[in-house]
Number of protein chains: 2
Amino acid sequence: MSVQERKERERAVRERLIVATARELAEQQGWDAVTTRRLAERIEYSQPVLYSHFRGKREIIGAVALEGAAEMAAALRAATSAVDDPRARVTALAHAYLDFAASSPAVYDALFQLDGGLAFAQEDTPELLKDAFAALLESLEEVAGGGVHPGVFTEVFWASLHGFATLTRSGRLPPEYAERRVELLVDRLAMV
Amino acid sequence: MSVQERKERERAVRERLIVATARELAEQQGWDAVTTRRLAERIEYSQPVLYSHFRGKREIIGAVALEGAAEMAAALRAATSAVDDPRARVTALAHAYLDFAASSPAVYDALFQLDGGLAFAQEDTPELLKDAFAALLESLEEVAGGGVHPGVFTEVFWASLHGFATLTRSGRLPPEYAERRVELLVDRLAMV
DNA sequence: GATTCGATGCTAGCACCGCTAGACAAGGGA
DNA sequence: TCCCTTGTCTAGCGGTGCTAGCATCGAATC
């Protein structure tokens, strides 16, 4: 029994190593550079080992996304918890979101841009993803305004931030007015 | 002279054929299916011919994007020109934008998601791209509100629509509340 | 009309991709 | 000690974007 337990433990360690290495490589050189060959070489195993942990590259992206969702939720809560004023809290939330997207672009892509095989906005959505959305909602529901569904309001705010993040990083939005865009968005969307 | 002119004409025809075929293939089966081999086979030439017109696949995507920018601008203007009320015009604009994104996903991706090697929001930005942004601005500047830079306002509105379009298509936003999201966005952002 | 010669499109091939079949070795259980 | 399961490896499949170098075709010249 103990032998099997040790093996399972070692397998789990190696699986975390794969995910961490994939993430590291993606942040360093982009997801295009995360090939199964390079990834295998970095973890010092052969390619087929990857497929004994994940069905394919997509699932590895999904694993990085889940890890990222947890970190993002934590970052959002950390940035908002110390702020008392509801409106200021929303501003802090927006900045924390955009900072996360800018400082961890590969993780952000795994979450919101690439196909990691994860279900969103459904029953079988992983709890970590639901919780990341919940982290947004917690700061947003109180400024949604009367008669507006907090979930829908959160979706609108989130989609806007997502647009900022992706269009800015791909060079389609100029960086110079980033702050004014955030101010305008919060000013107009947040009631009170 | 006439011989050379004829050749140039034929070259231009073939170049348009490449772009049209790439676009068609991308809309039918997604950009992943647009490989240089398949594209070459469809236009009934060998692969290297593609490289006598474009530096690589990226430039072909860029060509599709430019074509799409012109169509998008036309679609946006067509949808808004007949609407008199400024606020209703913005709503029509939003719907036209989202309809374009949903009905021509491959072209939309070439424009706003993939790397087509085009410059955005710079001096050397192609006129067609500037004009597509102008088409947005024309309907939005009059509802930007006082003291707000129309360009910045347009960027915010556009980024939000982009978030809706991309997150909805990748299954990250549920489609059922799409209409309510648009209403909320227009309600809050448009002044008067 | 024959001949030269440059332009043009082709075949073949590079290094790389995601993924997998099948050989092989190491280790625990009898 | 032997067997057999488990796990990992090598090698290879069909695909990718892209390119070197050859062959052919056609326009211009003699």
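Note: hydrogens, waters and symmetry copies are ignored here, and every other heavy atom, side chains too, is used.
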* Quick one: is D:dT16 close enough that its OP1 or OP2 comes under 4.0 Å of any side-chain N or O from B:Arg38? -> yes

* Nearest to side-chain heavy atoms of A:Ser46, which nucleotide of C:dT11, D:dG17, D:dT8 -> D:dT8

* **Rounded distance in Å - CD (A:Gln29) to P (C:dC16)** => 14 Å

* Let me know the distance between OH of B:Tyr51 and C1' of C:dC14, rounded to the nearest Å. => 13 Å

* Residue whose closest nucleotide on DNA chain C lies nearer the 5' end, A:Val34 versus B:Tyr45 -> B:Tyr45

* Asked: What does B:Arg14 touch in the nucleic acid at a heavy-atom separation under 4.0 angstrom: a base, only the sugar-phosphate, or nothing?
  -> sugar-phosphate

* **Contact check, side chains of A:Pro174 and A:Arg181, non-hydrogen atoms, under 4.5 Å** => yes

* Asked: Under the 3.5 angstrom rule, does the side chain of B:Glu27 hit a backbone N or O of B:Val107 as a donor-acceptor pair?
  -> yes

* N/O (side chain, B:Thr35) to phosphate O (OP1/OP2, D:dT16) under 4.0 Å -> yes

* Are side-chain heavy atoms of A:Val143 and A:Phe153 found at a separation under 4.5 Å? -> yes

* Asked: Are a donor atom and an acceptor atom from the side chains of A:Arg14 and A:His53 found within less than 3.5 Å of each other?
  -> yes

* Below 4.0 angstrom, N of the basic side chain to O of the carboxylate: do A:Arg11 and A:Glu8 qualify? -> no

* Asked: Could you state the CG-P distance from A:Asp32 to D:dT16, rounded to the nearest angstrom?
  -> 16 Å

* Asked: Closest to the B:Lys7 side chain: C:dT8, C:dG18, D:dT10?
  -> C:dT8

* **Which residue lies more 5' along DNA chain C, comparing B:Gln47 with A:Lys57 via nearest heavy atoms** => B:Gln47

* In whole angstrom, what separates A:His53's NE2 from C:dC19's C1'? -> 16 Å

* Asked: Could you state the CZ-P distance from B:Phe54 to D:dC18, rounded to the nearest angstrom?
  -> 13 Å

* Structure fact -> From CD of B:Glu10 across to P of C:dG9 the rounded distance in Å is 10 Å

* Asked: Starting at CZ of B:Arg37 and ending at C1' of D:dT16, how long is that distance when rounded to a whole Å?
  -> 6 Å

* Please report, rounded to the nearest Å, how far the C1' atom of D:dT16 is from the CG atom of B:Leu25. => 14 Å

